[in-house]
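Structure first, then comments.
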Amino acid sequence: MRPDVKDRFGLGAACGDYAVAGVAGGLAQMARRTLTLLGLVLLVLLVVKRPPAASAKGALIVGIALAVWGLTRAWRVVSARFGLRRCYLFVGGVVVTDLFGRPRGVVAWSEVTSLNVLVSGSLLLAFHRFEVRRRGARRPLAFLALGMRPALAEPLMARAAANGVGR
């Protein structure tokens with residue numbers, strides 16, 4: 001956890017930090033899965049049709065798929081290392097950072113009125129969308145946790161329930 005996030009807001013002891021995303025992250029997940037599906041279809045067609053230089057074309061498709069996979073893994077490591085797009089859970093609240101690691105939203109549990117969760121699961125897009133509604137704010141703090149069972153879902157809802165926040 002980044003020291004500037006941990007010590008700045010006085011929200012108590014840290015309970016963990018988790019990867020989150022915005023709309024661009026959801027679209028990137030969908031594009032990555034679409035490209036993977038398209039690559040698999042092309043590989044099957046190469047095996048069935050046997051065009052000239054099929055092995056070179058297949059190697060190109062596999063190379064692109066491996067490059068996309070490697071870039072995804074590298075982004076996960078870099079974003080975790082530098083605190084980019086993270087949700088930090090504390091005993092006293094939640095801090096969500098933006099693409100550059102700066103706090104985008106800070107909410108104390110005492111200010112939260114409700115925690116809304118939207119779950120979407122399909123072949124191309126799987127995410128949990130969280131909306132933290134707070135007193136006196138016009139817009140909720142909203143963020144995505146990508147995947148069917150993101151690591152953030154259970155701890156966030158448990159921490160909210162421990163602080164008396166209903167869904």
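Rounding to the nearest 0.5 Å places NE2 of H128 at 9.0 Å from CG of L152. Here CD1 of I61 is found 11.5 Å from CG of L35. Values are rounded to the nearest 0.5 Å. Interatomic distance, CG of L38 versus CG of L43, reported as 10.0 Å (0.5 Å rounding).
For the side chain to side chain contact (heavy atoms under 4.5 Å, CB included) with R133, the lone residue among N116, L115, V112 that qualifies is N116. A side chain to side chain contact (heavy atoms under 4.5 Å, CB included) with V44 holds for exactly one of V48, V41, V47; it is V48.
Contact detail for D17 and R86: the closest heavy-atom pair is OD2-NH2, 3.0 Å. Contact record, G83 with T97: O-OG1, 3.2 Å, taken as the closest heavy-atom pair. When all heavy atoms of F90 and R159 are compared, the pair lying nearest together is O-CD, 3.3 Å. Across all their heavy atoms, L141 and G105 have their closest contact at CD1-CA, 3.9 Å. Residues G121 and M148 approach most closely at CA-SD, 3.5 Å, considering heavy atoms. Between V106 and R134 the shortest heavy-atom distance is O-NH1, 3.6 Å.
A heavy-atom distance below 4.5 Å is found between the side chains of W75 and L84. A 4.5 Å side-chain heavy-atom check between P150 and Y18 finds every atom pair outside the cut-off. For the pair R129/L144, a side-chain contact is recorded, criterion being any heavy-atom separation below 4.5 Å from C-beta on. The side-chain heavy atoms of R33 and L123, taken from C-beta on, include no pair separated by under 4.5 Å. Taking 4.5 Å as the limit, some side-chain heavy atom of P103 sits within range of a side-chain heavy atom of F9.
Following chains of ILVMFWY side-chain contacts shorter than 4.5 Å, one cannot reach L71 starting from V77, and the two form parts of different hydrophobic clusters. Put simply, L124 and L118 are part of the same group of oily side chains (I, L, V, M, F, W, Y) that touch within less than 4.5 Å, one to the next. Under the 4.5 Å side-chain heavy-atom criterion for grouping Ile, Leu, Val, Met, Phe, Trp and Tyr, V68 is not connected to M30 through any hydrophobic cluster. Transitive grouping of hydrophobic side chains (ILVMFWY, heavy atoms separated by less than 4.5 Å) brings V94 and V117 into a common cluster. V20 and M157 end up in the same hydrophobic cluster when Ile, Leu, Val, Met, Phe, Trp and Tyr side chains are linked at under 4.5 Å.
At least one donor-acceptor pair under 3.5 Å links the side chain of R135 to the backbone N or O of S110.
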- Task: Would you please test F130 and V96 for side-chain contact (heavy atoms from CB on, under 4.5 Å) and show each step?
- Result: CA-CA 11 Å; F130 297 99; V96 178; over 6 Å; no
- Task: Take V165 and V132 through the side-chain contact (heavy atoms from CB on, under 4.5 Å) test and state the conclusion after the steps.
- Result: CA-CA 10 Å; V165 175; V132 181; over 6 Å; no
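Within 6.0 Å of atom CZ in R50, 12 or fewer heavy atoms from other residues, nucleotides or ligands are found, so the atom counts as exposed in its surroundings.
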